[in-house]
Colleague: 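Provided herewith is a single structure, encoded as structure tokens, for subsequent inquiry.
Atom set for the values below is all heavy atoms of this structure, side chains included, hydrogens, waters and symmetry mates excluded. Protein chains get the first letters and strands the later ones, always in sequence-line order, with residue 1 at the start of each.
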2 protein chains.
Amino acid sequence: MWKAKIQVTLKKSVLDPQGVAVEKALKTLNYSNVGDVRVGKYLEVSVDGKDREEVEGQIRDMCDRLLTNPVIEDYTFEVTEV
Amino acid sequence: MWKAKIQVTLKKSVLDPQGVAVEKALKTLNYSNVGDVRVGKYLEVSVDGKDREEVEGQIRDMCDRLLTNPVIEDYTFEVTEV
């Protein structure tokens with residue numbers, strides 16, 4: 001059994017209003033040293049698989065087909081055996 | 001300048017309907033080897049600060065006060081110098 005931890009973020013060129021809202025909220029709470037904030041999605045997916053290469057390939061496939069919107073989002077992931 | 005990458009997940013005991021929906025969608029796409037799926041939030045926060053201890057303390061403070069709901073959510077983060 002493997003567990004994939006996937007981070008999905010908006011591409012740098014895409015405006016992130018939720019991130020801007022969080023940044024303003026943090027500044028309102030007197031965290032004046034806060035810079036840019038970006039908000040994205042985080043997914044943990046458990047999968048059965050023989051080896052790391054197979055699992056990584058499948059996770060990449062899932063991200064491209066369902067979990068992310070490749071037009072506006074980037075993703076990174078790490079796979080660990082559990 | 002430091003960058004904190006924060007992963008926020010629902011606690012294990014809290015039902016995650018979005019994760020269940022993603023799991024079903026993946027199975028519909030013939031990924032029959034998929035197990036549990038959990039969906040959470042991912043944040044990247046840039047902060048100014050003197051040293052790692054100061055920045056980590058401040059990020060923990062932000063998470064507890066604004067970024068997460070400690071009743072139903074857990075969080076982990078890593079801080080890197082950029």
Colleague: With a 4.5 Å cut-off on heavy-atom pairs, point out which of Leu43(A), Asp36(A), Val45(A), Val22(A) contacts chain B the most.
Modeller: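 That would be Asp36(A).
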Colleague: With a 4.5 angstrom heavy-atom cut-off, is it the side chain or the backbone of Leu67(A) that approaches chain B, or both, or neither?
Modeller: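 When you check distances to chain B, only side chain atoms of Leu67(A) fall under 4.5 Å.
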Colleague: Would you say Trp2(B) and Ile59(B) are hydrophobically clustered, going by side-chain heavy atoms of ILVMFWY under 4.5 Å?
Modeller: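 As far as the 4.5 Å side-chain criterion goes, Ile59(B) and Trp2(B) are connected within one cluster.
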Colleague: Can you confirm whether Lys27(A) is buried at NZ, in the sense that more than 12 heavy atoms of other residues, nucleotides or ligands lie under 6.0 Å from that atom?
Modeller: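 Result for NZ/Lys27(A): enclosed.
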Colleague: Using the rule side chain to side chain donor-acceptor pair (under 3.5 Å), only one of Asp64(A), Asn69(A), Thr68(A), Thr9(A) pairs with Tyr75(A); which is it?
Modeller: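 Testing each of Asp64(A), Asn69(A), Thr68(A), Thr9(A) against Tyr75(A), the sole residue satisfying side chain to side chain donor-acceptor pair (under 3.5 Å) is Asp64(A).
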Colleague: Would you mind telling me which of Gln18(A), Met1(A), Glu23(A), Gln7(A) has the largest number of heavy-atom pairs within less than 4.5 Å of chain B?
Modeller: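 The answer is Gln7(A).
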Colleague: Do Lys3(B) and Val79(B) have side-chain heavy atoms sitting under 4.5 Å apart?
Modeller: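 When only atoms from C-beta onward are counted, Val79(B) and Lys3(B) do not touch, as no gap falls below 4.5 Å.
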Colleague: Quick one: which of Val39(A), Ile6(A), Val8(A) has the most heavy-atom pairs under 4.5 Å with chain B, could you say?
Modeller: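 Top count of heavy-atom pairs under 4.5 Å with chain B: Val39(A).
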